[in-house]
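Just so you know, these numbers come straight off a predicted model, no measurement behind them. Below, chains carry the letters A, B, ... as their sequence lines are ordered, and counting in each starts from 1.
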Amino acid sequence: MLVSEPASPKRENTISSPESSPKKSESGTSADSSGTLRHRLLGPSVQKSGQDGVNQAAVSEIIYQASQGSKYFEHQKRKEKDLTKKVEYIVNQAAKVSNQELEAAEVRVDALIRQYEATRDLTQTIVHVDCDAFYASVEELDHPELKSKPFAVGNGVLCTCNYVARKFGVRSAMAEFVARKICPELIVLRLNFPKYIEKSNAIRMILSEYDPRHCAMTLDEAYLNITEYCAKVTKDREEVVSEMRRRIFETTGLTVSAGIGPNSRVAKIASNVNKPNGQCAIANDREAVMEFMCNLPVRKITGVGYVLERQLLALDVNSCGEIYRKSALLYQIFTDTTMTFLLNCYLGLGSTEVKPIDQYERKSVGCERSFRAISEMAQMKQKLQHVAEDLEKDCKRLNLAGRKLGLKLKKATFEQISRQRPMPRPINTASDFYRYGLQMLEKELPITVRLIGLRITDLVNLSHEGPMKTFLKGQRRHNDRLEDEPSTSMNIHAEFKGLVDGSPDMHDDEEIGELVMMIQGSQEEDASGVIDDYRSSAKAIAARDIKNEEELVHNTEPALESESLPLSTDSGGSSTALVSCPICGNQVSADDQALNHHVDWCLSRGAIREAVKETFN
DNA sequence: GCGGATCAC
DNA sequence: TATGGTGATCCGC
């Protein structure tokens with residue numbers, strides 16, 4: 001059943017003209033970057049829906065004029081120049097590739113394609129659901145009079161805007177002052193998360209009926225596997241999704257768009273096709289999938305951003321189908337990782353597994369803040385302190401500590417620098433964050449910064465139980481662990497990477513007990529001996545090197561953060577006493593664990609972070 | 001392992 | 001006058 005023969009009929013002959021790229025006439029140093037710079041300044045949401053009648057050239061000119069001369073503008077200009085240089089380099093490299101090399105590459109690429117093709121799974125029906133202009137639509141429910149007026153949600157930078165505003169060329173991620181130049185009558189509302197969270201929960205409640213294990217990526221986006229549901233109700237998948245969308249609209253007043261396909265990649269891309277308030281289904285059929293992908297502009301592929309698009313275009317790869325046409329050349333230019341990613345896109349392959357977001361293990365937690373550029377130490381200390389306190393809050397809430405601390409600075413010029421340092425022990429307090437962060441900051445002086453951020457990695461999970469229980473648990477035997485906590489995010493990472501069982505991805509219980517004591521106990525000063533002991537006992541970090549094969553490339557799977565659970569998904573099923581969530585006001589099981597979990601989710605920065613999301617729609 | 005970059009949202 | 005915050009991953013050294 002595995003068709004090894006690529007469907008795409010033609011592949012560009014290796015003996016193709018080396019001088020076939022017409023647009024290289026301009027020597028790109030600085031003169032031609034004006035055009036691409038405008039493109040860059042336009043931002044990431046240009047090709048999104050709702051901008052049909054927009055005069056992009058005029059909008060682009062206004063943005064350019066409004067930005068010109070600012071530090072931000074100059075930084076973008078530098079970056080654009082660098083990129084142009086890099087693209088030129090790549091084109092030069094491409095010209096040097098010999099026909100012999102191309103032929104050899106062709107053989108390898110074909111082998112790769114056969115290998116990937118063999119993984120194709122057309123048995124699942126995956127749906128990607130995407131709310132239309134989510135924040136804006138929620139606001140319209142409370143302010144119906146806004147429906148006919150251009151308005152946006154955000155603060156300084158727009159998170160999203162309604163479709164009226166989009167007609168003017170207003171977009172998400174646009175600076176507010178720029179947006180007002182484009183659309184002087186624009187109304188800007190501030191973010192109101194409790195409202196968005198509540199609506200999001202209501203939507204997820206409905207999604208759960210179609211797939212209790214759906215994956216809520218953000219407040220306004222989710223993946224479902226409706227294979228089982230369709231079988232159960234013996235209904236057509238399009239009918240099912242249509243009904244689901246109708247129900248969402250009837251109960252929340254919000255419209256959503258959906259994509260249906262054999263895997264998440266196809267579903268995700270398809271959900272944008274008939275936005276807003278539409279759906280698009282791609283049959284679980286190899287030809288249908290390949291055809292759908294074939295004419296897709298490369299920028300529409302999730303994972304292809306501004307930079308990769310520029311590089312692909314320079315190699316005359318405009319559409320997804322052209323990836324195959326140029327695959328031998330691409331193989332010589334890009335890394336294996338990128339090549340794997342591109343070929344999987346061309347083939348329309350993707351993940352067919354959907355699982356709840358809380359099954360993913362968080363790898364870092366951080367906090368950063370922008371402000372007017374400063375250079376005095378006293379002021380920087382104050383900002384650092386503030387960031388450290390915010391980070392502590394998140395750590396406490398998530399019950400995490402970190403073995404490494406990272407400092408991020410953005411200079412007044414918008415140039416960013418980051419410094420990272422292993423800690424003598426896992427840390428999770430503001431005072432530690434501040435102290436060690438300050439040490440790193442001092443090494444960068446003198447400096448003028450407009451942003452300071454702190455982030456911890458190499459996380460230690462302190463959750464579930466208090467230190468005592470954890471300590472006791474540490475005394476037990478290895479075997480006890482398995483039947484213990486069925487759901488927690490401990491070993492999921494390993495499972496995710498296909499390691500499943502004996503993977504030493506996390507620390508075992510003994511280590512955790514030890515860690516808790518170290519953190520809570522010797523808060524002061526680095527008992528170096530003890531620490532070295534601890535560190536040397538740390539297990540080998542598997543995981544990283546395993547991605548050699550298979551996808552996992554460019555976010556094949558959603559890599560997400562922490563807790564996400566709707567209401568009363570509570571599996572204990574015990575007494576179902578309900579209380580009101582203090583955050584969203586919804587009814588939640590009064591069960592301690594369930595309630596805590598829900599509140600955690602409600603407060604989650606992951607949810608709040610949505611503030612700045614919706615980089616499109 | 002670190003720092004810079006890219007990407008998503 | 002003026003352009004976000006959180007998290008992940010990849011790549012080159």
Side-chain angles (χ1 to χ4, degrees), chain A residues 41 43-45 48 63 66-76 79 82-83 86 130-131 134-135 154-160 171-181 191 217-221 268 299 301-311 334-338 340-341 360-373 387 390-391 394 404 406-410 414-422 450-459 541 544 547 552-562 604-617:
Chain A
L41 288 169
S45 51
K48 303 296 184 177
I63 296 176
S67 306
Q68 205 167 16
S70 68
K71 298 271 172 75
Y72 175 80
F73 180 90
E74 294 303 321
H75 182 248
Q76 294 301 319
K79 285 185 74 174
D82 289 350
L83 177 58
K86 187 177 172 188
D130 197 338
C131 300
F134 184 55
Y135 298 161
N155 187 7
V157 174
L158 306 183
C159 290
T160 191
R171 283 180 280 272
S172 61
M174 185 177 274
E176 193 176 322
F177 80 93
V178 173
R180 290 189 187 284
K181 289 218 157 98
L191 295 151
M217 307 290 296
T218 61
L219 287 185
D220 76 330
E221 218 177 292
K268 164 97 171 120
R299 189 62 169 84
I301 302 170
T302 313
V304 177
Y306 180 75
V307 170
L308 186 52
E309 180 197 29
R310 280 283 305 274
Q311 299 176 353
F334 292 113
T335 63
D336 289 355
T337 305
T338 301
T340 296
F341 166 70
Y360 294 86
E361 190 195 351
R362 172 192 283 269
K363 296 190 174 62
S364 73
V365 45
C367 180
E368 65 190 58
R369 180 158 316 213
S370 289
F371 36 79
R372 182 179 49 81
V387 169
D390 282 355
L391 183 54
D394 284 349
K404 266 184 196 156
L407 173 73
K408 171 172 160 182
L409 304 172
K410 192 187 285 182
F414 282 84
E415 180 195 351
Q416 291 189 35
I417 63 182
S418 60
R419 300 289 179 253
Q420 194 181 357
R421 238 189 72 180
R450 68 184 324 283
L451 174 148
I452 292 180
L454 290 171
R455 175 167 300 271
I456 54 169
T457 54
D458 281 20
L459 299 183
I541 318 125
R544 269 306 275 204
K547 55 178 169 270
L552 285 179
V553 179
H554 280 73
N555 295 348
T556 292
E557 285 282 346
L560 261 288
E561 62 247 48
S562 66
S604 134
R605 191 60 144 248
I608 300 233
R609 174 186 97 224
E610 298 314 314
V612 214
K613 71 141 290 182
E614 266 239 353
T615 312
F616 56 71
N617 278 354

- Query: How is A:Gly156 classified with respect to the nucleic acid when contacts are heavy atoms under 4.0 Å: base, sugar-phosphate, or nothing?
  - Reply: nothing
- Query: When we call it a touch if two heavy atoms are under 4.0 Å apart, what does A:Tyr306 touch: a base, just sugar-phosphate, or nothing?
  - Reply: sugar-phosphate
- Item | A:Thr335 vs A:Tyr72, nearer the 5' end of DNA chain C by closest nucleotide | A:Tyr72
- Do A:Ser67 and C:dT3 share a donor-acceptor pair, side chain to base, under 3.5 Å? yes
- Find the distance A:Asp220:CG to B:dC9:P and express it as a whole number of Å. 9 Å
- Item | Nucleotide C:dT6, atom C1' - distance to CD of A:Glu361 in whole Å | 17 Å
- Message: I'd like to know if the side chain of A:Arg299 reaches the main chain of A:Val304, judged simply by a donor and an acceptor atom lying under 3.5 Å from each other, with no hydrogens or angles considered.
- Response: yes
- Assign A:Arg455 to base, sugar-phosphate, or nothing according to its heavy-atom contacts below 4.0 angstrom with the strands shown. base
- Message: If you assign A:Arg299 and A:Asp82 each to the DNA chain B nucleotide with the nearest heavy atom, which residue ends up on the more 5' nucleotide?
- Response: A:Asp82
- Task: Select base, sugar-phosphate, or nothing to describe what A:Ser70 touches, counting heavy atoms under 4.0 Å on all strands.
- Result: base
- Message: Students often get this wrong, so: under 4.0 angstrom with heavy atoms, is A:Arg450 touching a base, only sugar-phosphate, or nothing?
- Response: sugar-phosphate
- Query: Step by step, would you call A:Ser70 with A:Ser67 a side-chain hydrogen bond (donor to acceptor under 3.5 Å, both in side chains)?
  - Reply: CA-CA 6 Å; A:Ser70 68; A:Ser67 306; 5.5 Å; no
